[in-house]
Amino acid sequence: MTIAVIPGDGIGPEVVPEAVATLEELGLGLRFEVLDKINAAAYLATGVPMSEEDFAVCTGSAGVLLGAIGDPRVRDPWYARDVLLRLRFELDLYVNHRPVALLHDRLSPLRDPGRRAVDCAIVRENTEGLYAGIGGVLRAETNDEVTIDTEVNTRLGVARIIDFALSVATRSVCMVDKSNAVPRGGGLWQRCWAEARARRPDLATSHLYVDAAAMALVRDPTAFDVIVTNNSYGDILSDLVAELAGGVSTAASANLNPGTGRGLYEPVHGSAPDIAGRGVANPVGAIASAALMLRQLGHPEHARAVEDAIRAAVARERCTPDLGGRLSTAEAGAAIRAELR
Ligand code: IPM
Ligand code: MG
């Protein structure tokens, strides 16, 4: 099995080698093809965000492991679109699965101990909504400028993400929308939700508007199992829950198409240019994303072993300073691999 590896920008090239080394430690015989021309430096030199050859490597691989895309030298928003959103859209990775569990008690910002043990997942629609890129500009760069970004919601897109959420939940699913203010797309989400939840009477189901969901998540995140929502609300709520569980540097994500089996796996944190190149970036998000990949590739026991090793290393404060440790990126990665052995 070949894994395409895109270290990307910022701290991506620091954290991704730790994830690759962790996968190699397991001795599963995975082959890695590192695509080192998909980054801002290459883009600034050549004007090409991702070559067709590199795109073909991604489509031909069993999974794509990505660090981060984004660099302050590139102001053009099409750069991230032409790499990350292109992979999500063209591989039809319609699920963005972002599970979150508190790594260690000391990492929770919540005072009440009974409310700290976050263990939930944001299931984010990943190929439409406000990210569809439908819109236009009128009278560009004048005082009368008008810009329009259209939110796209399709019956197929909404129904399939709700089905995925129901398929991975063990306790409950909460559907989050803003149908009180955004009636057309919201109405479609409501109708798809009513049909889908009726088919799963065994699961507890609920609905919240996104503003109320943000409040409820901070008040008591332990009340949630799976939250299913659109592309934009999923982007925001996944950062919120990541922070409740120990910080966004620990959060993992899987961009999936359960039908084709394709997947792109990336830490939620982004390129963090302010700390890039200093060896202080936390590799937990990247290594946890590699664990999500192992689960999709049919190695659930190895995935669990990596997740347990992360927890064990964090419990012993064998981690980077943002989690209360003193280790560098490479040392923190090695500490997780030491727990694996
Ligand atoms: C994420 C990121 C991306 C998104 C950005 C980098 C385009 O914030 O994966 O959550 O908004 O989807
Ligand atoms: Mg985000």
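Numbers here are sequence positions counted from 1. Ligands are counted one by one from 1 in listed order, and the atoms in each one are counted from 1 as well.
- The side-chain heavy atoms of M50 and L87, taken from C-beta on, include a pair separated by under 4.5 Å.
- Q190 and H207 share a donor-acceptor pair across their side chains, judged by distance under 3.5 Å alone.
- Tally of protein N, O or S atoms closer to the Mg ion (ligand 2) than 2.8 Å: 1.
- Judged as a side chain to side chain donor-acceptor pair (under 3.5 Å), the pairs with a partner in residues 211-230 (not counting sequence neighbours) are, in order, K178-D211, D220-T222.
- The shortest N/O to N/O separation between R98 and ligand 1 falls below 3.5 Å.
- Between the side chains of T154 and E128, at least one donor-acceptor pair of N or O atoms lies under 3.5 Å.
- Note on residues 7-60: pairs passing ring pair (Phe, Tyr, Trp, His ring centres under 6.0 Å), not counting sequence neighbours, are Y43-Y79.
- For atom 5 (C) of ligand 1, the nearest non-hydrogen atom of the protein is L84 CD2, 4.7 Å.
- Less than 4.0 angstrom separates some heavy atom of R88 from each of these atoms of ligand 1: 1 (C), 4 (C), 9 (O), 12 (O).
- For ligand 1, the atoms sitting less than 4.0 Å from at least one non-hydrogen atom of R124 are 1 (C), 4 (C), 9 (O), 10 (O), 11 (O), 12 (O), numbered in the order shown with element in parentheses.
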Would N255 and E266 satisfy side chain to side chain donor-acceptor pair (under 3.5 Å), going step by step from the backbone distance to the final call?
CA-CA 8 Å; N255 302 263; E266 41 157 350; 3.1 Å; yes
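- In terms of N/O distances under 3.5 Å, ligand 1 is approached by D235.
- The side chain to side chain donor-acceptor pair (under 3.5 Å) search around D144 returns none, not counting sequence neighbours.
- Of the N and O atoms on the side chains of E145 and N143, not one donor lies less than 3.5 Å from an acceptor on the other residue.
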